[in-house]
Amino acid sequence: MKQILVFVVFLLLCSSCITPAERQCKDFKIGNFKSEVIINGETFKSSFIRTKTLQIETYNGKVDSSEVRWINDCEVIFKTINPKSMAERKDIHLKILTTTDSTYVFEYSYVGETKKQKGTAFKF
């Protein structure tokens, strides 16, 4: 019994030493990107340019512009500048989950909704 207790304490001590990799979200606030999102097994690709206050995205030959408002270094709200439908009037909340030197994995949803989608963005 004493050996089991020592083993459990050892595992707890080891697991507390593991730190998750830090996200370098600031590296992705501005730049040129491509993104991929998989929805129901289908891959959707787009490219976009992000400045401090604006994001211009091209998807299927259409250009869409959004205002950019950073909540913190890893979370941003997009507001479509000239919405053409009710869906485009909804703001989008995006959260960066993980980063590498040239990519980030993100999740996004309409503000106030719980259903989230995930994707990957590549900085070039």
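Source: prediction; values computed, not measured.
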(request) List the atom of Ile30, the atom of Lys123, and the distance in Å for their closest heavy-atom pair. (result) O-NZ, 3.2 Å

(request) Check Glu88 against Asn82 and note the closest heavy-atom contact, atom names and distance. (result) OE1-O, 4.1 Å

(request) Would you check, one step at a time, whether the test side chain to side chain contact (heavy atoms under 4.5 Å, CB included) holds for Thr51 with Val68? (result) CA-CA 8 Å; Thr51 68; Val68 174; over 6 Å; no

(message) So which atom in Phe28 and which in Thr103 form the shortest heavy-atom distance, rounded to 0.1 Å?
(response) CZ-O, 3.3 Å

(message) Any heavy-atom pair between the side chains of Asp73 and Lys29 that's under 4.5 Å?
(response) yes

(message) With clusters defined by side-chain heavy atoms of hydrophobic residues (ILVMFWY) lying less than 4.5 Å apart, directly or transitively, does Trp70 cluster with Tyr110?
(response) yes

(request) Please say whether more than 12 non-hydrogen atoms of neighbouring residues, nucleotides or ligands are located less than 6.0 Å from NZ in Lys79. (result) no

(request) Give a yes/no verdict on a cation-pi contact between Lys34 and Phe124, requiring under 6.0 Å between NZ or CZ and the six-membered ring centre and an angle within 45° of the axis. (result) yes

Under 3.5 Å, sequence neighbours excluded: what are the donor-acceptor pairs made by side chains of residues 111-122?
unit_1 : atom_1 : unit_2 : atom_2 : d
Glu113 : OE2    : Lys90  : NZ     : 3.3

(message) Is there a path of hydrophobic side-chain contacts, each under 4.5 Å between heavy atoms, that joins Phe33 and Val63?
(response) no

(request) Evaluate the criterion side chain to side chain contact (heavy atoms under 4.5 Å, CB included) for residue pair Phe78 and Arg50; output intermediate values, then yes/no. (result) CA-CA 11 Å; Phe78 298 108; Arg50 185 181 299 144; 4.0 Å; yes

(request) Any chance you could measure Glu22, atom CD, to Thr98, atom OG1, to the nearest 0.5 Å? (result) 13.5 Å

(message) If hydrophobic clusters are built by linking Ile, Leu, Val, Met, Phe, Trp and Tyr wherever their side-chain heavy atoms come under 4.5 Å apart, do Val76 and Ile56 end up in the same one?
(response) no

(message) So if I apply the side-chain hydrogen bond (donor to acceptor under 3.5 Å, both in side chains) rule between Glu57 and each of Ser47, Ser35, Ser46, Ser66, which one comes out positive?
(response) Ser46

(request) Over all heavy atoms of both residues, which pair between Lys45 and Tyr59 is shortest? Give the atoms and the distance, please. (result) O-CD1, 3.1 Å

(message) Within this structure, what is the CD1-CD distance for the pair Ile38 and Glu42, rounded to the nearest 0.5 Å?
(response) 10.5 Å

(request) May I ask you to test the Glu75-His93 pair for a side-chain heavy-atom distance under 4.5 Å? (result) yes

(request) Please test Leu97 against Phe106 for side chain to side chain contact (heavy atoms under 4.5 Å, CB included), starting from the C-alpha separation and ending with a verdict. (result) CA-CA 5 Å; Leu97 302 175; Phe106 61 91; 5.7 Å; no

(request) Using the side chain to side chain contact (heavy atoms under 4.5 Å, CB included) rule, take Thr80 and Arg89 through it: C-alpha gap first, then chi angles, then the decisive distance, then the call. (result) CA-CA 7 Å; Thr80 303; Arg89 291 177 192 258; over 6 Å; no

(message) For residues Val37 and Ile96: do they belong to one hydrophobic cluster (side chain heavy atoms under 4.5 Å, members Ile, Leu, Val, Met, Phe, Trp, Tyr)?
(response) yes

(message) Between Asn72 (side chain only) and Cys74 (backbone N and O only), is there a donor and an acceptor less than 3.5 Å apart?
(response) yes

(request) Give the minimum heavy-atom separation between Ser65 and Leu54, together with the two atoms involved. (result) CB-CD1, 4.4 Å

(request) Kindly indicate whether the side chain of Ile92, heavy atoms from C-beta on, has any atom under 4.5 Å from the side chain of Ile77. (result) no

(request) Validate the cation-pi geometry between Arg23 and Tyr104: distance from NZ or CZ to the six-membered ring centre under 6.0 Å, angle to the ring axis within 45°. (result) no

